[in-house]
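Positions are given from 1, in the same order as the sequence printed here.
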Amino acid sequence: MKFSDRVQEMQFSPIRRFNPIAIRAEEMGKKVYRLNIGQPDVETPDCFMDAIRAYNAEVIKYAESGGVTDLQDAVIDYYKHYGINLERGDIIVTNGGSEALTMTFLALVNDGEEIILAEPFYTNYHTFLTSAGGKIVPITTKAEDGFSYATREQIEPLITDKTRAISCISPGNPTGNVLTLDEMRLICEIAKEHDLFVIADEVYREFAYDDREVTSFGMLPEYEDRVIIIDSVSKRYSACGARIGTVISKNKEFMSMVMKIAQARLCVSTVDQVGSAGLFKLPFSYYEEVKAEYCGRRDVVYEEMMKIPGVVCQKPGGSFYMTVKLPVDSVEDFLVFLLEEFEDNGETVMFAPAEGFYATPGLGKDEIRIAYVLNQEDMRRGAELIRLGIEAYNKKLGK
């Protein structure tokens, strides 16, 4: 029996691939600090369930393919805060940011065509783009440089006649890199000169630390015809299981192409859209409170990481991830050691190996992504266990 070339080209998620080993460790009585997946422990705001409880329809019907109008209107009001003026036709509600990206690539990319994307990037971009028959052309960034990439010298040489878009994740997953508005303007200018789209993955928008401004490609109206914004309730509101995202663009032709796909999958969960509409109506003070919480978590992780001799890590400017270069040859082997052999007072830790976040073969073998999604005490302990684990691992190897 045969399988498609596309699915065979896909990889298993490095974020979830080691979960069975972690489960076995827990069944043996170990406590595992799970720093591998972006699932925050911050409580989902009550307004989500309050809106669902108040929903009294006698029949839960199909929603419109573009989304429930109450949710679209709430999204419109949210973006007004940033000076971005949208209409309902500029918004298609999706099954999370993942479907928004998949639909976008399906609408833009023919077989063999290319998307430029800074690496390391959110690992599932591999699968999203492979599903559309496309290829990632990576802008390789380095931990030593804070994973910066927004320069003409780094981007422009990668553009070919197969390039369809420049894709940006800001604030970055897995790096925490935050683009300034000037950097966004430069990327848009390059895209305009080469007649490309800009795909702006902004699901961590509010998580910009150390007095960095919250930025969006939507704040550049002069480029609105080529900007596609990907958004989601998963991270901003700690509602990952709701699976509500949006694809947003002023380009009516692009939105018409995406609507073909949206109509084919009928609609997004009506009930989850009702709950999510309540989230977008929260006061903006909510974002400041949550941002302060994540910033504190970042600080304790960074403090602990810098205690490791030979580590390379720049303090991230946003999101709730940190990519760290460790003094080990293979972080995958190290992770298996942590889960199967190591413990400290009955506890161990897991993270996401970073190799799967790269398109360039061989990169990321000594890097990890830490998701600082647990409370500060647990994050500090998890980071400490990485340090203690490295000491035990290198001792085992005779280093």
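- The neighbour count for E64 CD, taken as heavy atoms of other residues, nucleotides or ligands under 6.0 Å away, does not exceed 12.
- With hydrogens and angles left out, the side-chain atoms of E189 and Y223 include a donor and acceptor closer than 3.5 Å.
- A donor-acceptor pair shorter than 3.5 Å cannot be found between the side chains of E288 and S285.
- The ring-ring contact (aromatic ring centres under 6.0 Å, His included) contacts involving residues 21-58 comprise nothing, where partners must be two or more places apart or lie in separate chains.
- Shortest non-hydrogen contact noted between P327 and N394 is O-ND2, 3.8 Å.
- No side-chain donor-acceptor contact under 3.5 Å links Y122 and Y321.
- With no hydrogens or angles considered, no side-chain donor-acceptor pair links T130 and E9 at under 3.5 Å.
- Atom CD of E43 sits in a sparse spot, with 12 or fewer heavy atoms from other residues, nucleotides or ligands closer than 6.0 Å.
- Looking only at atom types and distance, the side chain of D201 has a donor-acceptor partner in the side chain of Y125 under 3.5 Å away.
- Ion pairing of D77 with K281 is absent here, as no side-chain N (NZ or NE/NH1/NH2) approaches a carboxylate O to less than 4.0 Å.
- For Y287 and F207, the ring centers are positioned 6.0 Å apart or more.
- Under the 3.5 Å distance criterion, with hydrogens and angles disregarded, no donor-acceptor pair is assigned to the side chains of N110 and R164.
- Listed by chain and number, the residues in a ring pair (Phe, Tyr, Trp, His ring centres under 6.0 Å) with F121 are H126 (sequence neighbours excluded).
- Here Y393 and F337 bring their ring centres to under 6.0 angstrom of each other.
- Between Y294 and Y372, the distance separating the two ring centers is not shorter than 6.0 angstrom.
- Side-chain contact of T323 with E367: a donor-acceptor pair under 3.5 Å is absent, judged by distance alone.
- S319 contributes no side-chain N or O that, together with a main-chain N or O of N173, makes up a donor-acceptor pair within less than 3.5 Å.
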